[in-house]
**Student:** 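What follows is a single structure, and I will ask about it in a moment.
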Amino acid sequence: MARSNDAVAALLQEYADLLTVTGGEQFKSRVYEKAARAVAGHPGDVAAVDADGLRQIPGVGASIAEKIAEYLHTGHIEAVDTLRARVPGGVLELMRIPTLGPKRAAQLHEELGVVSIDELRDAIVAGKLSGHRGFGARTAENILHGIEVLERSHGRVLLSVAAVAADEIVAALRGVRGCLRCTWAGSLRRFRETVGDVDVLAAAADGGPLMDAFTRLPMVADVLAKGSTKSSVRLRNDLQVDLRVVPLASWGAALQYFTGSKQHNVRVREIAVRAGFKLSEYGLFRVEDGSLVASETEEEVYERLGLQWVPPPLREDRGEVEAARAGSLPALVTEADIRGDLHTHTDLTDGVTPLADMVAAARRRGYEYYAVTDHAKDMPMQRMTDDKVLAQRREVRELEAAGGPVLLHGSELNIGPDGELDWPDEFLAGFDLCVASVHSHFAQPAGDLTRRLVRACENPYVTILGHPSTRLIGKRPPLDADFDAVFAAAARTGTALEINSFPDRLDLSDELILRAKRHGVRFAIDTDAHATVHLDHLRYGIGTAQRGWLTADDVVNTWPIDRLRAFIAAKRTVAAGRR
DNA sequence: GCCGTTTTCGGCCCGACTGTTTTCAGTCG
């Protein structure tokens, strides 16, 4: 079963949103928001602890613990229901539009009766906003643009949302009598950054029991279709899931077929046709006599076509078919190759978990090394100071002495509008490594953005450029910089580019990774964890790196600690010599 | 509503940018 934490956190967040929209006390709203984050980041399942246990979670006091308990017992929270009744559902929806917050959403509702994004668009197009305080022409334009951004991602969900649902469905179906195999296929298996619907494939002699179990899963909201080989459902979170059941003998061909991509499959079928075969979800057949050539495993199917087995993340018709034919597919980096995380936070800044707990989680993952990189002092909301970061360094050294992974004390520096960093070089030299990232001024002209990122790469103490494009999937586009110039600078200076594993970032994206790799850059696959549970996001970063054709050697945090330290030191020496 | 080596009450993440204003509200990180 999935943890209850995410459902609880979503409710607490909704309550916080409702409080702001209804003009409730702002501090109260913020408290609920903070509690939502803490619950989401809490390592244990909140359903497994009693009221006292709930109160141990930071930010959760008597009142919130009571509300969580109420939800766990009854499935709802009365206080939330009461506020929901006062605010039409579409009003919270409005807040998903970038640049539109709670105040303006409430104002649009109160003054214009707008209760949905569609109605808002109509109102703007009809010019109904003009004359309303705070809504000038520019604001209307920005809102329309925000709606566009939102709708471009319409119908697709983040990889992580699909993966969590698919994991749970597959685990449930594997337990059904008669289920011989079950796994997810489709764009999820290819680790695309967003997923339109989830394809689950199972092998069984009789599909009936699987279909019954599938359509009765607790998270299913609607059954869209139900047959003996194919069924479709819509989950409560609106995600559509298709289940197909095939005979075990067709497993490999079906898995290949349903994994896609369409373009990849077209290429593979062309090869089959030219070789006198026909490839379908049932198998690879000889055209002349219709005899079956291969179907049980994907490996067999590819092999009979003269191809290496192609890892799913590569199946996008981006040269993998040619490489598979030449036998030159890369040995992709895997989760097992990762020796440590190089970008993580604690509750000293905006994380929700204390240093010691984060380190303990890293130890449990078997990491050889682990970097602590809290925000630096130029992000005012984080209230970092020289003293605080130095005190943390002492604590890090003490923890390391107590055993466990090698601990690197670092910082996530802020790259200012001109490429300046939080601290002078003398102070930066005290860190074992630094990540540097853009957190503001996203709309600068392209030339300025490029210079800014290049300048950050040129600082000898910047080991990693964090979430380099700074995009947020479905919310904020990548920076409008000349990334080829940035990648060239990273390669020249020995700066690693981050592949940030956070599901709404996945930054660099697969396409930018492919471009960066051509410049000979190194990469770091990091989680940017703000809680121990986020360390598990690593798999999404790995999938993205695989889509970018990366091998373990391309990724500095697969290297042994000595090689990693040499990489950090080399940049400091070379860059310092040039200054 | 939560929390406490400045506090059991009175604070609570702060600064900048944008677009609207004519002194500031809303949004974001």
**Student:** So does A:R539 pair up with A:D167, basic N to acidic O under 4.0 Å?
**Tutor:** yes

**Student:** When the C1' atoms of B:dC12 and B:dC17 are compared, how many Å lie between them, rounded to an integer?
**Tutor:** 24 Å

**Student:** One thing to verify: whether A:R572 and A:D425 come together as a salt bridge, which I'm taking to mean a side-chain N less than 4.0 angstrom from a carboxylate O.
**Tutor:** no

**Student:** B:dC28 and B:dC13: how far apart are their C1' atoms, nearest whole angstrom?
**Tutor:** 13 Å

**Student:** What integer number of Å spans the C1' atoms of B:dC2 and B:dT8?
**Tutor:** 12 Å

**Student:** Pick the closest DNA chain B nucleotide for A:P417 and for A:M379 by heavy atoms, then say which residue is nearer the 5' end.
**Tutor:** A:P417

**Student:** Below 4.0 angstrom, N of the basic side chain to O of the carboxylate: do A:D418 and A:R455 qualify?
**Tutor:** no

**Student:** For the pair made of CZ in A:R30 and C1' in B:dC13, what is the distance, rounded to whole Å?
**Tutor:** 7 Å

**Student:** Please enumerate all protein N or O atoms sitting under 3.5 Å from an N or O of nucleotides 2-6 of chain B, with distances to 0.1 Å.
**Tutor:**
residue	atom	partner	partner atom	Å
B:dC2	OP1	A:G61	N	2.9
B:dC2	OP1	A:G61	O	3.3
B:dC2	OP1	A:S63	N	3.4
B:dC2	OP1	A:I64	N	3.1
B:dC3	OP1	A:G59	N	2.9

**Student:** Between A:H343 and A:H345, does the ring centroid distance fall short of 6.0 Å?
**Tutor:** yes

**Student:** Is a donor from one side chain sitting under 3.5 angstrom from an acceptor on the other, for A:S160 and A:Y540?
**Tutor:** no

**Student:** Does A:R121 pair with A:D118 as a salt bridge, N-O distance under 4.0 Å?
**Tutor:** yes

**Student:** When rounded to the nearest Å, what value does the distance between P atoms of B:dT27 and B:dT21 take?
**Tutor:** 15 Å

**Student:** Determine, for A:R365 against A:D536, whether the closest basic-nitrogen to carboxylate-oxygen distance falls under 4.0 angstrom.
**Tutor:** yes

**Student:** With Watson-Crick and G-U wobble geometry limited to distances under 3.5 Å, how should the secondary structure of DNA chain B be encoded in dot-bracket form, using | for bases paired to another strand and [ ] for crossing pairs?
**Tutor:** ((((....)))).((((((....))))))

**Student:** Nearest whole Å is fine: how far is B:dC28 P from A:I97 CD1?
**Tutor:** 11 Å

**Student:** Just jot down the side chain to side chain donor-acceptor pair (under 3.5 Å) partners of A:Y71, sequence neighbours excluded, or say none.
**Tutor:** none

**Student:** Taking atom P of B:dA16 as reference, at what distance in whole Å does atom CG of A:D418 sit?
**Tutor:** 14 Å

**Student:** Tell me the interatomic distance from A:F27, atom CZ, to B:dC9, atom C1', rounded to whole angstroms.
**Tutor:** 14 Å

**Student:** Between the side chains of A:K571 and A:T463, does any donor sit under 3.5 Å from an acceptor?
**Tutor:** no

**Student:** Contacts to DNA chain B from residues 137-145 of chain A, heavy-atom cutoff under 4.0 Å, which residues?
**Tutor:** A:A137, A:R138, A:T139, A:N142

**Student:** Among residues 441-452 of chain A, which residues get a heavy atom nearer than 4.0 Å to DNA chain B?
**Tutor:** A:H441, A:F442

**Student:** Do the charged groups of A:E193 and A:R547 touch, with an N to O distance under 4.0 Å?
**Tutor:** no

**Student:** Say you draw a straight line from CD1 of A:I513 to CG of A:D554; how long is it, rounded to the nearest 0.5 Å?
**Tutor:** 10.0 Å

**Student:** For B:dG11 versus B:dT6, give the span between their C1' atoms, rounded off to a whole number of Å.
**Tutor:** 12 Å

**Student:** Measure from CG on A:D504 to P on B:dC28 and round the result to the nearest Å.
**Tutor:** 14 Å

**Student:** Are A:E93 and A:R96 within salt-bridge range, i.e. N to O under 4.0 Å?
**Tutor:** yes

**Student:** Between A:H439 and A:H467, does the ring centre distance come in under 6.0 Å?
**Tutor:** yes

**Student:** Between A:D386 and A:K377, does any NZ, NE, NH1 or NH2 come within less than 4.0 Å of an OD or OE carboxylate oxygen?
**Tutor:** no

**Student:** Please report, rounded to the nearest Å, how far the C1' atom of B:dG1 is from the CD1 atom of A:I68.
**Tutor:** 13 Å

**Student:** Regarding A:K67 and A:Y32, is there a side-chain donor-to-acceptor distance under 3.5 Å anywhere?
**Tutor:** yes

**Student:** Whole angstroms only, please: what is the CG-P distance between A:L19 and B:dG1?
**Tutor:** 9 Å

**Student:** For the ring pair A:W423 and A:F431, is the centre-to-centre distance below 6.0 Å?
**Tutor:** yes

**Student:** Roughly how far apart, to the nearest Å, are B:dT20 and B:dG26 at atom C1'?
**Tutor:** 10 Å

**Student:** Give the B/S/- string for nucleotides 21-27 of chain B, one per nucleotide from 5' to 3', where a protein heavy atom under 4.0 Å of the base yields B, of only the sugar-phosphate yields S, and otherwise -.
**Tutor:** -----SS

**Student:** Any luck finding a side-chain donor-acceptor pair between A:D374 and A:T349 under 3.5 Å?
**Tutor:** yes

**Student:** Could you state the atom-to-atom distance from NE2 of A:H375 to C1' of B:dC28 in whole Å?
**Tutor:** 14 Å

**Student:** If you pin A:S440 and A:K67 to their nearest nucleotides in DNA chain B, which one's is more 5'?
**Tutor:** A:K67

